[in-house]
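Below: one structure, written as structure tokens.
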Amino acid sequence: LWTGEESYHGSKCLIAWDQVCRSKKQGGLGIKHLQTQNTAPLVKMLHRLFTQPSPWASWISKEHQNYPLGSIDLGPHWRSLIALLPLLRKHTKMLPGDGRHINFWHDVWLDGQLSAKFQALYTHTVKLNCLLSSVLHEDFRCFFVPRITPTAQQQMMQLQYLLQNVTLSAEPDEIVCNLKTKNGLISSSELYRSEMATFETWPPWSAIWRSAAPPKSKIFCLADVQE
């Protein structure tokens, strides 16, 4: 990018790569962030497990019968895919049906992620990955160590009170996305824009990029202003 050659030294790089991949409004050059761009379709694949029946989805569901998604190791490729579950959860919410596909602690289904809201209680659980259906149908106390701290005990009472209002049905769980969808699936382009929109607008961008200066001059001006 900076030298036009196949090899280069770090001293030749005028702007850090993460900065380069931001939009021009955010102080970058608008070059695609390849890692984020490649991640978006993979998250879309995870979303497909909940929304579109397929032989692959059926196989994953069978392997995870009575276990939360990702709790069974199906190989290195699957581990790479499951590592993106937090990103999927960031943009989705689960609506309880039968509770057989909802991770009790980690999915967003009841006023946020329970592992974050009830941190003290979560540190005392013996089942980090458990299904909502299991928690509601079994003895709640069996999911925790015998002795818990007063703070955890207080949070347990609060959580039990909330669970009193939760009822399951025979219908399958439903996943709702807070991003624009296409044919019922997360839009990869929308997910990319959402992940790259975390940076604030850089005030000088308009003066640089809307000027009549040659592109090369604009880039060096950008690097000079950011130093």
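If you read the sequence from its start, that first residue is 1, and numbering goes on from there.
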What pairs of donor and acceptor atoms, side-chain ones from residues 148-161 against any protein atom, are under 3.5 angstrom apart with sequence neighbours left out?
unit_1, atom_1, unit_2, atom_2, d
T149, OG1, A152, N, 3.2
Q155, OE1, A120, N, 3.3
Q155, OE1, L121, N, 3.1

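Listed for the D173 side chain is a donor-acceptor partner under 3.5 Å among the backbone atoms of G99. A distance-only check finds a donor-acceptor pair linking the side chain of T92 to the backbone of L88 [under 3.5 Å].
No single ILVMFWY cluster, assembled from side-chain heavy atoms under 4.5 Å apart, contains both L185 and L81. In the hydrophobic clustering of this structure, L87 does not group with Y192; members are Ile, Leu, Val, Met, Phe, Trp, Tyr whose side-chain heavy atoms approach within less than 4.5 Å, directly or through other members. With hydrophobic clusters built from ILVMFWY side chains whose heavy atoms lie under 4.5 angstrom apart, V108 does not share a cluster with L179.
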### Task
Tell me, with the steps shown, if F118 and L162 meet side-chain contact (heavy atoms from CB on, under 4.5 Å).
CA-CA 12 Å; F118 298 94; L162 292 175; 3.9 Å; yes
### Task
Decide ring-ring contact (aromatic ring centres under 6.0 Å, His included) for H64 and W78; before the verdict, give the C-alpha distance in whole Å, the side-chain angles of both, and the deciding distance to 0.1 Å.
CA-CA 13 Å; H64 285 79; W78 177 245; 5.6 Å; yes
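Evaluation of the salt bridge (Lys or Arg N to Asp or Glu O under 4.0 Å) test over residues 24-47, restricted to residues two or more places apart or in two chains, returns none. Counting only residues at least two apart or in different chains, salt bridge (Lys or Arg N to Asp or Glu O under 4.0 Å) contacts with residues 50-60 are absent. Legend: salt bridge (Lys or Arg N to Asp or Glu O under 4.0 Å) pairs involving residues 72-96, not counting sequence neighbours, sorted by first then second residue: D73-R79, R89-D107, K90-E195.
Using bins of under 30°, 30° to 60° and over 60° for the plane-to-plane angle, the ring pair H106/Y122 lands in the perpendicular bin. Relative ring orientation between F143 and F140 is described as tilted, the plane-to-plane angle lying within the 30° to 60° band.
Applying the under-4.5 Å side-chain rule to Ile, Leu, Val, Met, Phe, Trp and Tyr, the cluster around V176 extends to L95.
Residues forming a side-chain contact (heavy atoms from CB on, under 4.5 Å) with W59 (at least two apart in sequence, or on another chain): W56, E63, L74.
Smallest separation of non-hydrogen atoms from L110 and L114: O-CD2, 3.7 Å. For C21 against M196, the heavy-atom pair with the smallest separation is O-CE, 3.3 Å.
Here the OG-CG distance, from S134 to N129, works out to 11.5 Å after rounding to the nearest 0.5 Å.
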